[in-house]
Amino acid sequence: RASCQPYPVSINTHMQTGTAAVVALGDRHSCMASAGYPTYCWGNNSNGQLGVASGAQSRPVAVSGGRRFQQIRAGFDHTCAVTLFDVGFCWGKNRFGELGANSTVVFSPTPLRVVGGLSWKRINAGGHHSCGVTTSNLAYCWGNNDGALGDGTFTDRRKPVPVVGGFKFSLVVAGGGAYLYYRNRRKKAAGKDASSGSYGPQGAELDPLASLSVEELRRKSGSLLIEA
């Protein structure tokens with residue numbers, strides 16, 4: 001078993017020193033994307049979340065397909081990213097349809113295109129679901145649905161469905177349970193709280209979360225949507 005490191009270690013890729021890159025930290029794997037280079041992932045690969053058909057990797061490996069991504073997020077056991085042309089792709093575990101490809105495969109080590117013909121600004125891979133914001137600032141979610149998708153149902157979705165309400169958002173953060181969204185500076189929630197297992201009505205105000213960071217919100221409650 002690899003030991004933990006109490007200090008930063010360098011990441012060995014073929015990128016030139018000083019290259020701007022986005023690093024995504026998942027549950028047991030990590031990824032790095034840069035507009036001018038292939039995307040790399042490393043760590044656990046039990047469900048193909050590294051984007052390659054192999055076992056766990058202690059060093060970065062290039063995601064299959066050679067696509068360039070401008071944005072990437074690593075979830076529990078799957079990964080989602082957006083290309084330079086605003087096209088969404090996801091790979092890894094797909095038990096609940098979290099890849100958004102309208103596919104029934106259990107997992108995919110090959111990046112699958114998110115269906116629907118939408119142009120994406122950001123896509124975030126959560127626990128067993130994913131959410132994204134389009135270039136028109138509309139929010140969509142897909143995958144496991146215990147209220148986390150915000151579509152007014154508890155039905156799992158294998159392709160993107162719009163978050164109800166018609167609001168426009170600038171940011172989405174999908175995590176382990178429900179979803180949160182910021183609207184008019186008031187903290188709102190719907191679905192299941194991952195930490196307590198309790199359900200709240202759509203639009204329930206959550207004042208105790210006001211002091212939490214985005215990462216703490218991600219761990220606690222699932223998905224965060226911030227209004228544009």
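Residue indices begin at 1 and follow the sequence shown.
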Once rounded to the nearest 0.5 Å, what's the spacing between atom [atom1] of [X] and atom [atom2] of [Y]?
{"X": "Leu118", "Y": "Leu138", "atom1": "CG", "atom2": "CG", "answer": "8.5 Å"}
{"X": "Leu149", "Y": "Phe154", "atom1": "CG", "atom2": "CZ", "answer": "10.5 Å"}
{"X": "Gln70", "Y": "Thr39", "atom1": "CD", "atom2": "OG1", "answer": "11.0 Å"}

Non-hydrogen atoms of [X] and [Y] that approach each other most closely:
{"X": "Gln71", "Y": "Arg122", "result": "OE1-CA, 3.6 Å"}
{"X": "Val164", "Y": "Gly152", "result": "CG1-N, 4.2 Å"}
{"X": "Phe89", "Y": "Val114", "result": "N-CG2, 4.0 Å"}
{"X": "Gly55", "Y": "Asn45", "result": "O-CB, 3.4 Å"}

Inset, instruction - Would you tell me whether Asn44 and Gln49 have side-chain atoms, one donor and one acceptor, within less than 3.5 Å of each other? - result: yes
Legend entry - Thr153 side chain to Asn145 side chain, donor-acceptor N/O pair below 3.5 angstrom: yes
What I'd like to find out is whether the side chain of [X] reaches to under 4.5 Å of the side chain of [Y], using heavy atoms alone.
{"X": "Ser119", "Y": "Thr134", "result": "no"}
{"X": "Cys141", "Y": "Pro160", "result": "no"}
{"X": "Thr79", "Y": "Ile72", "result": "yes"}
{"X": "Pro109", "Y": "Val52", "result": "no"}
{"X": "Asn137", "Y": "Lys121", "result": "yes"}
{"X": "Cys131", "Y": "Asn124", "result": "no"}
{"X": "Val115", "Y": "Trp142", "result": "no"}
{"X": "Asn94", "Y": "Ser108", "result": "no"}

Inset, instruction - Any pair with a residue in residues 60-86 that passes salt bridge (charged side-chain N to carboxylate O under 4.0 Å, His left out), sequence neighbours left out, goes on the list, sorted by first then second residue, please. - result: Arg28-Asp77
Inset, instruction - Please check if the distance between the ring centroids of Trp91 and Phe69 is under 6.0 Å. - result: yes
Inset, instruction - Name the orientation class of the two ring planes belonging to Phe76 and His128 (parallel below 30°, tilted from 30 to 60°, perpendicular beyond 60°). - result: perpendicular
Legend entry - More than 12 heavy atoms of other groups within 6.0 Å of Arg95 CZ: no
Legend entry - More than 12 heavy atoms from other groups under 6.0 Å of CZ on Phe107: no
